[in-house]
Number of protein chains: 2
Amino acid sequence: MNRTLLQIKVLYKDMGKSEKKIADWIMDHPDALLPLSITELAEKSDSSEATIVRFAKRLGLSGYQELKISIAQENSKKVINQDVNVKDSCFEVFEKVSNDIYCSLEMTKKVIDKDMLDQAAKAILEARQIVIFGLGNSASIALDAGHKFFRAGCNAVPYSDNHMQVIAASHLSDTDLAIGISHSGSSKDIVDALKIAKENGAKTIAITNYGKSPIVKHSDIVLFTSSPETQYTILGLNSRIAALAIIDSLYSYIVCHKDAEALSAIQSVERSLQSKKY
Amino acid sequence: MNRTLLQIKVLYKDMGKSEKKIADWIMDHPDALLPLSITELAEKSDSSEATIVRFAKRLGLSGYQELKISIAQENSKKVINQDVNVKDSCFEVFEKVSNDIYCSLEMTKKVIDKDMLDQAAKAILEARQIVIFGLGNSASIALDAGHKFFRAGCNAVPYSDNHMQVIAASHLSDTDLAIGISHSGSSKDIVDALKIAKENGAKTIAITNYGKSPIVKHSDIVLFTSSPETQYTILGLNSRIAALAIIDSLYSYIVCHKDAEALSAIQSVERSLQSKKY
DNA sequence: AGTATTTTTGAAAAAAATTTTCATTGACAT
DNA sequence: ATGTCAATGAAAATTTTTTTCAAAAATACT
């Protein structure tokens, strides 16, 4: 799938009615676009030349020509606007999942607050102790974050047991950091744990999907993810990848900013782990 | 090399002096051609618009626009993955991470075996019991897979303790399925656990990064990921996302193929989980 | 609900790019 | 040296693209 077509999907909801008609036509006939002039496309998509140019600019391109070239670059006939259905092979599902992941990352790029991201990295670097809370679908994210930050030399522990979360939160103080992960931002136990952490003076970070939710109230730093609406939105399949991408970014960032001593410690971790391999 | 460029080579000897200049310029800078107008190219190649049009027609194309599109078609410029450096803001790191993820998914799409993927889905649907093994960086992937398959109504349990893995593997029989996750494919404990599982008659699936590795020997079905080489390749940051995408695909696929009864059970799971939210 | 404000839109004008025309050049054969 | 013919580029003609602007639609605000 070509990036421009995906980008169209990402920006679809921000478009006006006529722009959507253009988007629909292009996504339906990506191959038929190439020989068309802007006037012909305006006719076919029942819009106007001006709107097509605006459409191209919205995608970050200079104009219609660039749009055409951009779509020509890497053309595939796959329909991208379709939900998974029972006729799909598993590979086709994989392609759709990949598209959704891409959209989710792009959408997250748009909603995430750059300052918050930098603040989060700084908080992680400075914290004496880090606890990470996730439940259900977010438990594996918390585990992943814990693993990464620990491996980078931070004193980080993930908790996916709501009792342990309360215990851990209660033992925090103002040199510490609590990270809560919840797709909906409404998971009672996570919100409660962050609240306790905050009451104890710890700094709190929330990783949650964009929107108003209870978790925001108890978080000093909020890192929003965003994801396309699909039939599996409840599960937050895609926002989870965005959350992991955020964690990877924080990890890469903090590894980059560790001092020489810490870096050699990290390297010795990697050496030690070699013995676990054939 | 794309067809049009080859065609230019083929017809080169038949061309006039100015046409050769155009051919030379295009062959020297095929990427730089795309943003140029015919006038600009005329200047750069020290020829004229008219000659460029003739040049395009000689290649069997209708004109300059078609020439440009034709060269764009197969000239897919590779995505450059720049390494993270200390000057990057955390947001810039996020952009690079996103880009790497995108590359990784595309690469995985290329190396993954479609049949294996379908077989894996089928195996999951048919298994009486599923155990999932992951350690270290892959523990969270195993946890995620376990959570998803369990939520979809499969009898799946993830293990991230190498003793428990051996125990679980030992108790399997030929109606069961073991899934081993290891980026390198060389993690001793995971390989050993899969070996035991297989010896007990269970079907085995490996999720691992593309390449020859010990895990392949003990796996009935191998699902390869692939990821760009970056400074964090050891950690497998990106192949992990590809692995998760594979799991999401399998999950979506199996949910799609569950019968009505199972689907209503899944829905009642979602309802029950609502009570955990504010 | 009714009004103000903003956003979206397409027709037409303006600009730019492309294609065609045509006179000139220069290579080559005689 | 000169006629023939393909090759070439300047300029005209045409087509395409972009911008402008006023009307329409959507949205927010009483």
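Since this is a predicted model, take the numbers as computed values, not measurements.
For the OP1/OP2 pair of C:dG10 and a distance below 4.0 Å, the side-chain nitrogens and oxygens of A:Ser18 include at least one atom meeting the criterion. Taking only side-chain nitrogens and oxygens, A:Thr51 comes nearer than 4.0 Å to OP1 or OP2 of C:dG10. The phosphate of C:dG26 (OP1 or OP2) has no side-chain N or O of B:Lys17 nearer than 4.0 angstrom.
Taking a 6.0 Å sphere around NZ of A:Lys110, one finds it holds more than 12 heavy atoms contributed by other residues, nucleotides or ligands.
The listed nucleotides are C:dT9, D:dT17, D:dG9; the one nearest the side chain of A:Tyr64 is D:dT17. Residue A:Val53 places its side chain closer to D:dT19 than to any other of D:dT19, D:dG9, C:dT19. When distances run from any side-chain atom of B:Ala50 to the nucleotides D:dG9, C:dT18, C:dG10, the shortest one goes to D:dG9. Here C:dA17 is the nucleotide among C:dT9, C:dG10, C:dA17 with the atom lying nearest to any side-chain atom of B:Gln65.
Put simply, CG on B:Asp46 is 11 Å from P on D:dT8, counting in whole angstrom units. The NZ atom of B:Lys57 sits 8 Å away from the C1' atom of C:dT20 (whole-angstrom rounding). Rounded to whole angstrom, the span from the CG atom of B:Leu61 across to the P atom of C:dT18 amounts to 14 Å. When the P atom of C:dT8 is taken as reference, atom NZ of A:Lys13 falls 13 Å away, rounded to whole Å. Regarding B:Ile38, its CD1 atom lies at a distance of 15 Å from the C1' atom of D:dT17, rounded to whole Å. Taking atom CZ of residue B:Phe55 and atom P of nucleotide C:dT18, one finds them 15 Å apart after rounding to whole Å. In this structure, B:Glu49 atom CD and D:dA10 atom P are separated by 8 Å, rounded to whole Å. The interatomic distance linking A:Glu19 (CD) with C:dT7 (P) rounds to 13 Å, in whole Å.
Note on A:Lys21: nothing from the nucleic acid sits closer than 4.0 angstrom, heavy atoms only. Contacts of A:Thr39 with the nucleic acid, taken as non-hydrogen atoms under 4.0 Å apart, include base atoms. Across all strands shown, A:Lys20 has no heavy atoms under 4.0 Å from either base or sugar-phosphate atoms.
For A:Phe94 against B:Ala245, the heavy-atom pair with the smallest separation is CE1-CB, 3.7 Å. Contact between A:Ser227 and A:Ser104 at its shortest, heavy atoms only, is CB-OG, 3.7 Å. Considering every non-hydrogen atom in both B:Ile22 and B:Thr51, the closest pair reads CD1-CG2, 3.8 Å. A:Leu105 and A:Ala242 make their closest contact through CD2-CA, 4.0 Å (heavy atoms, listed as atom of the first residue, atom of the second, distance).
Heavy-atom nearest nucleotides on DNA chain C were determined for B:Arg54 and for A:Arg58, and the one closer to the 5' end corresponds to A:Arg58.
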